Amino acid sequence: MNKRWKTNEGCVYNIGYHIIWCPKYRRKVLVNGIDERCKELLLEKSAENGWEIENMEVMPDHIHIFLKATPSDSIAHIVSQLKCYTSFKLREEFPLLKSKLPSMWTRSYYVETIGHISEQTISKYIEEQKMK
């Protein structure tokens, strides 16, 4: 099977997400070792849930993740798990975060699905089905 696709009992899939979120008030707190620990925690939680982080960057005031998941995992669940776990652990390990922020992360996040095939290609393929 091609490395691009994964399988389970009922389907073949390739589900990727670009996820971005920020610390509360977009404070630049992801520095001085907090950034590296955050990466470790994100990798831990992803592995625990069977998700693969293909790429990630922790900036001082936001996080970018390219994550691959299974069809049974909702994006809301994925983001919730990652934000809750990192918030709990980082605030426990770096007490300064508790004094700077009432909560670690904003409630919101940005997500976009990432696929190998573009929107235009899919639309064209569906339109051409009528002609077959």
Side-chain angles (χ1 to χ4, degrees):
M1 175 74 48
N2 187 321
K3 185 179 185 271
R4 184 174 98 206
W5 297 297
K6 300 259 184 197
T7 61
N8 66 20
E9 285 185 21
C11 68
V12 177
Y13 61 92
N14 177 22
I15 301 173
Y17 298 105
H18 177 205
I19 310 166
I20 305 170
W21 73 84
C22 306
K24 192 82 167 174
Y25 311 123
R26 198 148 185 165
R27 296 249 170 93
K28 296 181 180 192
V29 295
L30 303 174
V31 293
N32 301 327
I34 296 172
D35 52 345
E36 290 305 314
R37 183 62 179 138
C38 187
K39 285 181 183 180
E40 292 169 4
L41 294 169
L42 289 165
L43 289 168
E44 270 177 35
K45 194 62 171 174
S46 294
E48 180 183 308
N49 285 283
W51 310 320
E52 293 178 33
I53 293 181
E54 298 284 320
N55 201 347
M56 137 176 66
E57 196 57 59
V58 176
M59 307 299 290
D61 65 347
H62 67 283
I63 294 174
H64 285 270
I65 296 176
F66 174 27
L67 179 140
K68 296 240 178 151
T70 68
S72 59
D73 294 307
S74 79
I75 187 60
H77 175 73
I78 293 168
V79 173
S80 174
Q81 289 289 299
L82 295 176
K83 287 170 83 172
C84 289
Y85 184 70
T86 54
S87 176
F88 179 78
K89 292 290 195 177
L90 289 173
R91 288 165 61 84
E92 181 179 65
E93 295 173 22
F94 299 91
L96 175 69
L97 292 172
K98 285 183 184 177
S99 64
K100 284 195 166 205
L101 300 168
S103 59
M104 184 69 195
W105 308 116
T106 61
R107 289 188 204 170
S108 61
Y109 59 92
Y110 167 85
V111 64
E112 184 168 349
T113 56
I114 306 297
H116 182 74
I117 302 169
S118 73
E119 288 178 34
Q120 290 175 325
T121 304
I122 292 169
S123 291
K124 184 178 177 196
Y125 174 79
I126 291 170
E127 287 173 15
E128 290 174 353
Q129 293 304 299
K130 298 175 204 169
M131 296 175 210
K132 288 187 176 188

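Just so you know, residue 1 is the first one in the sequence shown, and it goes up from there. Predicted model only: the values in this text are computed from it and were never measured.
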Residues in side-chain contact (heavy atoms from CB on, under 4.5 Å) with Arg27, at least two apart?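 Only Tyr25, Val29, Leu101 meet the side-chain contact (heavy atoms from CB on, under 4.5 Å) criterion with Arg27.
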Ser74: which residues meet the side-chain contact (heavy atoms from CB on, under 4.5 Å) condition with it, sequence neighbours left out?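 Residues passing side-chain contact (heavy atoms from CB on, under 4.5 Å) with Ser74: Ala76, His77.
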Aromatic rings His18 and Tyr110: how do their planes relate, parallel, tilted or perpendicular, breaks at 30° and 60°?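 Because their plane-to-plane angle is over 60°, the rings of His18 and Tyr110 count as perpendicular.
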Around [X], counting heavy atoms of other residues, nucleotides and ligands shown, do more than 12 lie under 6.0 Å from its [atom1]?
X: Asn32; atom1: CG; answer: no
X: Gln120; atom1: CD; answer: no
X: Phe88; atom1: CZ; answer: no
X: Lys39; atom1: NZ; answer: yes

Does [X] reach the side chain of [Y], with side-chain heavy atoms less than 4.5 Å apart?
X: Lys6; Y: Thr70; value: no
X: Pro60; Y: Val31; value: yes
X: Ile65; Y: Leu42; value: yes
X: Trp105; Y: Pro23; value: yes
X: Tyr17; Y: Thr113; value: yes
X: Thr86; Y: Glu44; value: no
X: Met56; Y: Leu43; value: yes

Using 0.5 Å steps for rounding, measure from the [atom1] atom of [X] to the [atom2] atom of [Y].
X: Glu93; Y: Cys38; atom1: CD; atom2: SG; answer: 10.5 Å
X: Lys98; Y: Ser103; atom1: NZ; atom2: OG; answer: 13.0 Å
X: Ile15; Y: Trp51; atom1: CD1; atom2: CH2; answer: 13.0 Å
X: Ile63; Y: Leu82; atom1: CD1; atom2: CG; answer: 9.0 Å
X: Ile20; Y: Tyr109; atom1: CD1; atom2: OH; answer: 13.0 Å
X: Asn55; Y: Phe66; atom1: CG; atom2: CZ; answer: 8.0 Å

Is there a path of hydrophobic side-chain contacts, each under 4.5 Å between heavy atoms, that joins [X] and [Y]?
X: Ile114; Y: Val12; answer: no
X: Trp21; Y: Leu41; answer: yes
X: Trp5; Y: Leu67; answer: no

Evaluate Lys124 against Glu127 for salt bridge (Lys or Arg N to Asp or Glu O under 4.0 Å), listing each step before the verdict. CA-CA 5 Å; Lys124 184 178 177 196; Glu127 287 173 15; over 6 Å; no
Using the salt bridge (Lys or Arg N to Asp or Glu O under 4.0 Å) rule, collect all pairs that involve residues 67-89, keeping only residues at least two apart or in two chains.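 Qualifying pairs, neighbours excluded: none.
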Does a salt bridge link Glu48 with Lys45, judged by any charged N lying under 4.0 Å from a carboxylate O?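 Salt bridge: yes.
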Closest approach of Leu90 and Leu97, non-hydrogen atoms and distance?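 Nearest pair, atom of Leu90 first, then Leu97: O-CD1, 3.7 Å.
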Tell me the closest heavy-atom pair linking Met104 and Ser87, and the distance in Å.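 Of all heavy-atom pairs spanning Met104 and Ser87, the closest is CB-OG, 3.2 Å.
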